[in-house]
Undergrad: 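A single structure is presented below for examination.
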Protein chains: 2
Amino acid sequence: MKQQRMTKQKQLVQRIVQSHHDHPTADQIYLEVRAIDNRISRGTVYRNLEQLSDAGIVLQVKVPGPNRFDCRLDYHYHVICNNCGAVFDLPLAYQDELDKKVSKTTGFQIDRHRTIFEGLCPTCKEKQEQETPKD
Amino acid sequence: MKQQRMTKQKQLVQRIVQSHHDHPTADQIYLEVRAIDNRISRGTVYRNLEQLSDAGIVLQVKVPGPNRFDCRLDYHYHVICNNCGAVFDLPLAYQDELDKKVSKTTGFQIDRHRTIFEGLCPTCKEKQEQETPKD
DNA sequence: ATGGGTGCAAAGTGTTTGCAAGTAT
DNA sequence: ATACTTGCAAACACTTTGCACCCAT
């Protein structure tokens with residue numbers, strides 16, 4: 001792997017990602033970074049996010065729509081609201097044994113698995129119930 | 001929901017999707033459909049795939065990269081090869097009880113979850129071992 | 001000084017959409 | 001006849017990339 005240098009852009013991107021406990025998209029990070037230094041480009045933010053995730057400093061959460069970034073490093077599961085797009089961490093243990101099982105039954109080398117729950121968050125659920133009270 | 005009509009384009013798209021037991025992307029389906037009737041447009045294929053999945057006739061598999069389509073209707077899990085992109089079904093039971101658990105602990109209304117295993121398929125694993133024999 | 005990093009804009013990938021003409025109902 | 005569908009091309013959302021200059025090492 002290529003030797004990496006620390007730049008103020010990279011520092012800033014890292015600081016912003018790590019300040020989040022939700023799961024921002026690259027573009028949200030870009031906007032926040034941009035609010036601090038308005039000369040940083042989208043390309044730089046994408047490149048730095050990629051480096052950070054290659055380096056294992058942040059993880060990517062692959063959900064429908066744009067990818068999101070997460071500063072939690074342990075494998076864990078997520079839930080996404082189909083209505084507002086909010087993503088939350090779940091307090092469920094990562095099921096290590098599934099990786100072994102799949103590896104054994106398929107012959108794949110399994111690195112990990114990702115589990116995404118889909119549904120409606122409490123807020124959107126309530127809103128929807130109000131719109132169609134007894135339907 | 002809007003009243004739907006059966007057209008020969010829709011029929012053809014459905015036939016092609018259902019002839020697959022792998023997990024073709026929209027574009028692969030487009031190419032096959034196109035081989036049979038070269039006047040069908042990409043837009044039509046995308047629109048029909050969307051209709052079919054709204055109607056519950058096919059399911060979408062959301063993996064990194066382009067979405068894929070699957071004519072199996074029961075919820076099940078997938079494994080994707082990080083190298084060649086191949087996607088396979090897994091013989092693992094869908095964990096219903098997880099949906100209930102997450103619903104209870106988060107207040108979300110959970111519709112389902114998706115689990116994708118990531119790794120290297122036997123073929124790519126072998127190829128990689130040959131390239132770096134003792135490294 | 002060297003070569004990785006940056007800003008910019010252009011290009012790339014995958015998907016959606018507006019429109020006028022076509023067609024299933 | 002009505003209104004859903006089509007083909008086409010343009011637009012869209014997200015991401016990657018080529019290039020000349022910049023700056024951390």
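Predicted model, so just to flag it, every value in this text is computed and none were measured. Note that these values count all heavy atoms, side chains included, but never hydrogens, waters or copies made by symmetry. Chain naming here is simple, since letters A, B, ... match the order of the sequence lines and numbering starts at 1 in each.
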Undergrad: To check you understand the geometry: which heavy-atom pair defines the closest contact between Ile80(B) and Gly85(B), and what is its length?
TA: CG1-O, 3.9 Å
Undergrad: Show me the donor-acceptor pairs, under 3.5 Å and distance only, between side chains in residues 97-104 of chain A and residues at least two apart or in other chains.
TA:
from      : atom 1 : to        : atom 2 : distance (Å)
Asp99(A)  : OD1    : His113(A) : ND1    : 2.7
Asp99(A)  : OD2    : Tyr94(A)  : OH     : 2.6
Ser103(A) : OG     : Phe108(A) : O      : 3.1

Undergrad: Nearest whole Å is fine: how far is dC14(D) C1' from Glu50(A) CD?
TA: 14 Å
Undergrad: The criterion is side-chain hydrogen bond (donor to acceptor under 3.5 Å, both in side chains); which residues satisfy it with Gln109(B), sequence neighbours excluded?
TA: Asp111(B)
Undergrad: As a quick check of understanding, evaluate side-chain contact (heavy atoms from CB on, under 4.5 Å) for Gln60(A) and Leu49(A), giving each step before the final call.
TA: CA-CA 9 Å; Gln60(A) 297 196 226; Leu49(A) 286 171; over 6 Å; no
Undergrad: Passes side-chain contact (heavy atoms from CB on, under 4.5 Å), Asp27(A) versus Leu31(A)? Steps please.
TA: CA-CA 6 Å; Asp27(A) 213 63; Leu31(A) 290 173; 4.2 Å; yes
Undergrad: Starting at atom CD of Gln9(B), determine the distance to atom P of dT5(D), rounded to an integer number of angstrom.
TA: 11 Å
Undergrad: Distance check needed: dG5(C) C1' versus Gln14(A) CD, whole Å only.
TA: 16 Å
Undergrad: Starting from P on dT23(C), measure out to CD on Gln11(B) and report it in whole angstrom.
TA: 15 Å
Undergrad: In whole angstrom, give the distance that lies between atom CG of Asn67(B) and atom P of dT13(C).
TA: 17 Å
Undergrad: How many Å lie between CD on Gln60(B) and P on dT15(C), as a whole number?
TA: 9 Å
Undergrad: Looking at Asp22(A) and Arg68(A), is any side-chain nitrogen of the basic one under 4.0 Å from a carboxylate oxygen of the acidic one?
TA: no
Undergrad: Can you give the dot-bracket line for DNA chain C, using ( ) for pairs inside the strand, [ ] for pairs that cross earlier ones, | for pairs with another strand and . for unpaired bases, where Watson-Crick and G-U count if both distances are under 3.5 Å?
TA: |||||||||||||||||||||||||
Undergrad: Just checking, is any N or O donor in the side chain of His20(B) or Gln28(B) under 3.5 Å from an acceptor N or O on the other one?
TA: no
Undergrad: Tabulate below the donor-acceptor pairs under 3.5 Å that side-chain atoms of residues 115-125 of chain B make, not counting sequence neighbours, or state none.
TA:
from      : atom 1 : to        : atom 2 : distance (Å)
Thr115(B) : OG1    : Thr115(A) : OG1    : 2.8
Glu118(B) : OE2    : Arg114(A) : NE     : 2.4
Lys125(B) : NZ     : Gly107(A) : O      : 3.1

Undergrad: Each nucleotide in nucleotides 18-25 of chain D should get exactly one letter: B, S or -. Can you fill that in based on protein heavy atoms under 4.0 Å?
TA: B-----BS
Undergrad: Check each residue of residues 20-45 of chain A for a non-hydrogen atom within less than 4.0 Å of any atom in DNA chain C, then write out the ones that pass by number, or none.
TA: Arg39(A), Ile40(A), Ser41(A), Thr44(A)
Undergrad: For the pair made of CZ in Arg68(A) and P in dC14(D), what is the distance, rounded to whole Å?
TA: 10 Å
Undergrad: Starting at atom CG of Asn48(B), determine the distance to atom P of dA24(C), rounded to an integer number of angstrom.
TA: 13 Å
Undergrad: Measure across Ile57(B) and Leu73(B) and return the closest heavy-atom pair with its distance rounded to 0.1 Å.
TA: O-CD2, 3.5 Å
Undergrad: If you compare every side-chain N and O of Tyr46(A) against the phosphate oxygens of dT16(D) (OP1, OP2), does one of them come in below 4.0 Å?
TA: no
Undergrad: With distance as the sole test, does His23(A) use its side chain to make a donor-acceptor pair with the main-chain N or O of Val87(A) at under 3.5 Å?
TA: yes
Undergrad: Could you give me the CA-CA distance, side-chain angles and deciding distance for Thr44(A) and Gln9(A), then say whether side-chain hydrogen bond (donor to acceptor under 3.5 Å, both in side chains) is met?
TA: CA-CA 8 Å; Thr44(A) 296; Gln9(A) 291 88 337; over 6 Å; no
Undergrad: Touch check for Gln51(A), heavy atoms < 4.0 angstrom, all strands: base, sugar-phosphate only, or nothing?
TA: sugar-phosphate
